[in-house]
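Since the structure comes first, as structure tokens, the remarks are kept for the end.
Below, chain A is the first sequence line, B the second, and so on; all start at residue 1.
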Protein chains: 2
Amino acid sequence: MSGQPSCLVQNLSHYIDLTDHDRELLATLERSPRDYSEATEIHSGGDRNRDLYVVKQGWLFSYTDLPDGRRQIVKIHHPGDVIGFPDIAMKHMTTNLRSVEPVTLCPFPKSALETIFTSSPRLSALMLSIALRDQVVFIDLLRVMGRMSAMERVSHFVLDLLARLRITNKDMTDTFRLPLNQSQIADYLGLTNVYISKTFKRLQDDGMLSRDGQQITLTREEELKELVDFEDRYIEMDTSWFPGG
Amino acid sequence: MSGQPSCLVQNLSHYIDLTDHDRELLATLERSPRDYSEATEIHSGGDRNRDLYVVKQGWLFSYTDLPDGRRQIVKIHHPGDVIGFPDIAMKHMTTNLRSVEPVTLCPFPKSALETIFTSSPRLSALMLSIALRDQVVFIDLLRVMGRMSAMERVSHFVLDLLARLRITNKDMTDTFRLPLNQSQIADYLGLTNVYISKTFKRLQDDGMLSRDGQQITLTREEELKELVDFEDRYIEMDTSWFPGG
DNA sequence: CGCCTTCTTGAATATTATCAAAGAACGTGG
DNA sequence: CCACGTTCTTTGATAATATTCAAGAAGGCG
């Protein structure tokens, strides 16, 4: 193995201890990393379904458009994330993938999953768990979109981002960089860019958060969590039932 | 095996040919059916995570409440569905489960899944695919909730139900029974019962559908599909990569 | 028949969208 | 290092969509 650690190994190590066998397996699956510049369309819905990606660097998002141009961003991807899991069940990609800033991705073929599933029960269980955990996260988001006001949606949004960033960065404080513009946030939360602006201002006036360029600080995180009944699904994941290494 | 065909087998057979071994394996999951009367709380969010269920008969739904009483129904369950998949990754149940009408469920322990996963790669792949397909369905729903009007939401809702009912009932026409009341539909679509009533009336006035008690008929299904850019994820599933029987 | 739940309808209200324009921020090239 | 163009954000006025509240109608069930 090279001196540079595999993206996938780095990511999955956050959840369980990987055996040497697992590490080697993952290393062989991974293709060489590839860079994309900012605001680049990496794949489109309807494309024949080939690769999954692990994010090595930078933020991206998956989205779908309606025929009349309305857009829904369905997932924001950070370093360490696996992109494309749900599409495994489909013949074609169901979403478009776009970089927010310059990114580095490690593609690996669908077939790699087969290898994992046949040769490492422990890794299989982890992959499945991550997919199911994501489903719970979608369900939480559905609740947000279905029943929460703009104020609550934005609050949930920043709390969720922070919780996710804390998976890979243990000593993350209450401040983080948010490289999305307000139109993108609007497309994620089902609102308009104008209303995102107004809502952020209100949250700031209420002293819940402060902004400085792309930096966001949650000054009253606990209060925000209570406001939106926030549950951290990233911490809560159950790996206790996994087969041994 | 009994003369009565298992609805799980019926459901799964839609996707792949099941071997006798697979059928027997699945039959064990449905060994201990249990009845619940209508409007019964079957389990609650936060419960220690025990059983999954196969629906043998009747409709149910999974939902979550906000602290102030707002409710979001996140999934409607039909005969043949497996309930509780996403919770496998969590230590506790994340949603509440409630019957709409009298139902028959077959509870089975998480450990039964292990049996499947160790003894039938083909069934395992199918289970995983269904979980991932569900995730795609949630993503579609997110798009509906984030970017669509009440008219479009209701349209998508009835189209989705019909597509699902057609999995287990091939000769389903454009008419089906909808045992949910308008408050429940509202809680599913993130609207109010009043507005559901008004929206159904408008759809009826526009000649898109007709109602007779609980019976709904989609008189212009193709037009509705175009209106909401509907994709049938239940038909589209990719089973080509599965290991052999 | 009478009671209960659900559905319908209308009026008033709230929330968010749309439109338009001005102000900030930022990178680029002169 | 400044001027310019571009994109992003802010703000205000107006409009659309959905909610709330309230009351009456319809339907099922004992």
Per A:L191 side chain, nearest of listed nucleotides C:dC7, C:dA17, D:dA18
C:dA17
Strictly below 4.0 Å: does [X] bring a side-chain N or O up to OP1 or OP2 of [N]?
X	N	result
B:R211	C:dT8	yes
A:S197	D:dT9	no
A:Y195	C:dT16	yes
A:T192	C:dT16	no
B:Q182	C:dT8	yes

Please state how far atom [atom1] in [X] lies from atom [atom2] in [N], giving the value in whole angstrom units.
X	N	atom1	atom2	result
B:E38	C:dT6	CD	P	10 Å
A:D205	D:dT11	CG	C1'	13 Å
A:I196	C:dT15	CD1	P	16 Å
B:Q204	C:dT9	CD	C1'	15 Å
B:I185	C:dT6	CD1	P	12 Å
A:K201	C:dA24	NZ	P	14 Å
B:D68	D:dT20	CG	P	10 Å
B:R70	D:dT20	CZ	P	9 Å

Where do B:I83 and B:L52 come nearest, in terms of heavy atoms and distance?
O-CD2, 3.4 Å
Let me spell it out: for each of A:G213 and A:V194, pick the nucleotide of DNA chain C with the closest heavy atom. Which residue's pick is nearer the 5' end?
A:V194
Closest-nucleotide mapping onto DNA chain C: is B:S183 or B:K198 further toward the 5' terminus? I mean the 5' end.
B:S183
In degrees rounded to 10°, what angle is found between the helical axes fit to the five outermost pairs at each end of the helix from C:dC1-D:dG30 to C:dG30-D:dC1?
40°
Electrostatic pair A:D81-A:K75, nearest N-O below 4.0 angstrom
no
Could you walk me through whether A:S149 and A:E152 pass the side-chain hydrogen bond (donor to acceptor under 3.5 Å, both in side chains) check?
CA-CA 5 Å; A:S149 69; A:E152 292 165 319; 3.2 Å; yes
Selection: residues 139-156 of chain A, any non-hydrogen atom under 4.0 Å of DNA chain C
A:S149, A:A150
I'd like to know if the side chain of A:R153 and the backbone of A:L191 have a donor-acceptor N/O pair within less than 3.5 Å.
no
Side chain A:Q72, main chain A:Y63, donor-acceptor under 3.5 Å
no
Step by step, work out the salt bridge (charged side-chain N to carboxylate O under 4.0 Å, His left out) result for B:R233 and B:D160.
CA-CA 9 Å; B:R233 306 298 188 186; B:D160 184 65; over 6 Å; no
Using ring centroids (six-membered ring only for Trp), state whether B:Y188 and B:F157 fall under 6.0 Å.
yes
I want to know whether A:H78 and A:W59 have ring centres closer than 6.0 Å.
yes
Between A:V137 and B:F138, does the side-chain contact (heavy atoms from CB on, under 4.5 Å) criterion hold? Intermediate values first, please.
CA-CA 10 Å; A:V137 170; B:F138 274 119; over 6 Å; no
Report the C-alpha separation of B:S62 and B:H77 in whole Å, then their side-chain angles, then the decisive distance to 0.1 Å, and conclude whether the side-chain hydrogen bond (donor to acceptor under 3.5 Å, both in side chains) test is met.
CA-CA 8 Å; B:S62 294; B:H77 309 286; 2.6 Å; yes
